[in-house]
Amino acid sequence: MVFSVGSLTARLMFVGEAPGAEEERQREPFVGPAGQKLTQIIEKAMGIPRSEVYISNICKFRPSTGPGQGTNNRQPTPDEMASCLAYVTTEIALIRPEIIVALGATAAQGLGIEGPVGRLRGRFHEFQGIPVMVTYHPSYLLREEQTGDGIRAKRAVWEDMLKVMEKLGLPISAKQRGYFQTK
Ligand code: URA
């Protein structure tokens, strides 16, 4: 099991998919390559120390691909997510974040928000009365950087994070507004 990390008074909570190999090894969410990308978004772009937010996963264990799994990871199934939902709802009830960010369609689905990220992102949904922003998973950003349009994907996530920062009333500099612009 890999539980959450962060501040008990966090205003902002991130919900990912499930721990990967590195997270399982270190017993901490988002510490592998996708985690480093998430930390960059939180600390370098948004300007918030990682320790001030709350970082959770919709599934608390690394989904098995069988013996000899190595570093391979897979998405959790709806049943696997359902088995952890009581943990997530209790975390949310205890932390009472002002905003939840669901990272990717799987995390969103686990919170009852269905659809592709491209259709869900950019606006607030709701879970237990708390606004939820759905955005691309950091692994998607890593993949797009390698094989697709990394800047376009980063700008999309960044526009979603600007909306989150606005709703939290955080200061946003002109430099921050311009991050990852294509022109
Ligand atoms: N991806 C996730 O969704 N969660 C983690 O904790 C690590 C990678």
Side-chain angles (χ1 to χ4, degrees), residues 1-6 10 12-45 50-51 53-95 97 100-121 125 127-128 132-154 156-158 160-161:
M1 301 292 281
V2 179
F3 291 103
S4 307
V5 279
L12 181 58
M13 172 169 176
F14 290 84
V15 179
E17 212 167 76
E22 194 54 31
E23 287 75 21
E24 185 180 53
R25 200 177 67 77
Q26 294 191 39
R27 300 251 159 160
E28 182 172 337
F30 282 105
V31 289
Q36 285 159 26
K37 183 54 89 184
L38 178 64
T39 303
Q40 278 175 9
I41 295 169
I42 296 169
E43 298 205 324
K44 275 173 104 178
R50 177 175 152 121
S51 59
V53 304
Y54 192 80
I55 301 177
S56 179
N57 277 309
I58 200 75
C59 180
K60 303 293 179 199
F61 53 88
R62 182 174 168 221
S64 172
T65 59
Q69 179 165 14
T71 55
N72 290 337
N73 299 316
R74 71 161 168 81
Q75 291 176 338
T77 63
D79 274 356
E80 287 169 337
M81 290 193 277
S83 74
C84 295
L85 192 60
Y87 286 110
V88 181
T89 52
T90 305
E91 286 172 334
I92 293 170
L94 290 172
I95 306 291
I100 296 169
V101 174
L103 298 165
T106 307
Q109 185 191 17
L111 297 174
I113 305 163
E114 301 270 351
V117 177
R119 195 143 45 75
L120 296 173
R121 59 163 292 270
H125 304 264
F127 182 76
Q128 295 188 337
V132 179
M133 176 62 78
V134 179
T135 196
Y136 292 111
H137 192 283
S139 301
Y140 174 79
L141 296 184
L142 293 175
R143 278 197 306 275
E144 286 295 289
E145 278 172 11
Q146 293 302 314
T147 60
D149 191 344
I151 290 286
R152 184 204 56 80
K154 275 194 270 204
V157 171
W158 184 237
D160 297 340
M161 294 309 101

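Here, residue 1 is the first one in the sequence, and each next residue gets the next number.
Considering all non-hydrogen atoms of both residues, Arg62 and Pro19 come closest at CG-O, 3.4 Å. Taking both residues in full, the closest heavy atoms of Pro63 and Ala18 are given as CD-CB, 3.6 Å, listed atom of the first, atom of the second, then distance. When all heavy atoms are compared, the tightest approach of Gly115 to Ala105 is O-CB, 3.7 Å. Contact detail for Gly118 and Tyr136: the closest heavy-atom pair is CA-OH, 3.8 Å. Considering all non-hydrogen atoms of both residues, Ile55 and Phe30 come closest at CG2-CD1, 3.5 Å. Nearest approach of Val15 to Ile58, heavy atoms of both residues: CG1-N, 3.8 Å.
Residue-environment remark: CD (Gln146) stays at or below the threshold of 12 foreign heavy atoms within 6.0 Å. The environment of Tyr87 atom OH is sparse: at most 12 non-hydrogen atoms of other residues, nucleotides or ligands sit within 6.0 angstrom.
The side-chain heavy atoms of Asn57 and Ser4, taken from C-beta on, include no pair separated by under 4.5 Å. Between Ile41 and Leu141, some side-chain heavy-atom pair lies under the 4.5 Å cut-off. Side chains of Met161 and Val101 form a contact here, defined as non-hydrogen atoms less than 4.5 Å apart.
Using a cut-off of 4.0 Å between Lys/Arg side-chain N and Asp/Glu carboxylate O, Lys60 and Glu23 are scored as not salt-bridged. Between Lys154 and Glu144, no side-chain nitrogen of the basic residue sits less than 4.0 Å from a carboxylate oxygen of the acidic one, so the salt-bridge criterion is not met. Salt bridge present: Glu28 and Arg50 bring a charged side-chain N and a carboxylate O closer than 4.0 Å.
Using a 3.5 Å distance cut-off with no hydrogens or angles, the side chains of Gln26 and Glu22 do pair a donor with an acceptor. With 3.5 Å as the limit, one finds no donor-acceptor pair spanning the side chains of Thr89 and Gln128.
Separating the OG1 atom in Thr106 from the CD atom in Glu17 is a distance of 4.0 Å, to the nearest 0.5 Å. Interatomic distance, Lys37 NZ to Ile42 CD1, rounded to the nearest 0.5 Å: 12.5 Å. Here the CG atom belonging to Asn73 is positioned 7.0 Å from the OG1 atom belonging to Thr71, to the nearest 0.5 angstrom. The OH atom of Tyr54 sits 7.5 Å away from atom CG of Leu94, with the distance rounded to the nearest 0.5 Å. Remark: Ile113 CD1 to Phe127 CZ distance equals 8.0 Å, nearest 0.5 Å. In this structure, the separation between OG on Ser56 and CE on Met13 is 4.0 Å, given to the nearest 0.5 Å.
Side-chain N or O atoms of Glu80 include one that pairs as donor or acceptor with a backbone N or O of Thr77 at under 3.5 Å. Looking only at distances, a side-chain donor or acceptor of His125 sits under 3.5 Å from a matching main-chain atom of Leu120. Here the side chain of Asp160 pairs no donor or acceptor atom with the backbone of Thr135 at under 3.5 angstrom. With Arg74 contributing its side chain and Ser64 its backbone, the two residues share a donor-acceptor pair below 3.5 Å.
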Criterion side chain to side chain contact (heavy atoms under 4.5 Å, CB included) on Phe14 and Leu38, from CA distance to verdict: CA-CA 9 Å; Phe14 290 84; Leu38 178 64; 4.0 Å; yes

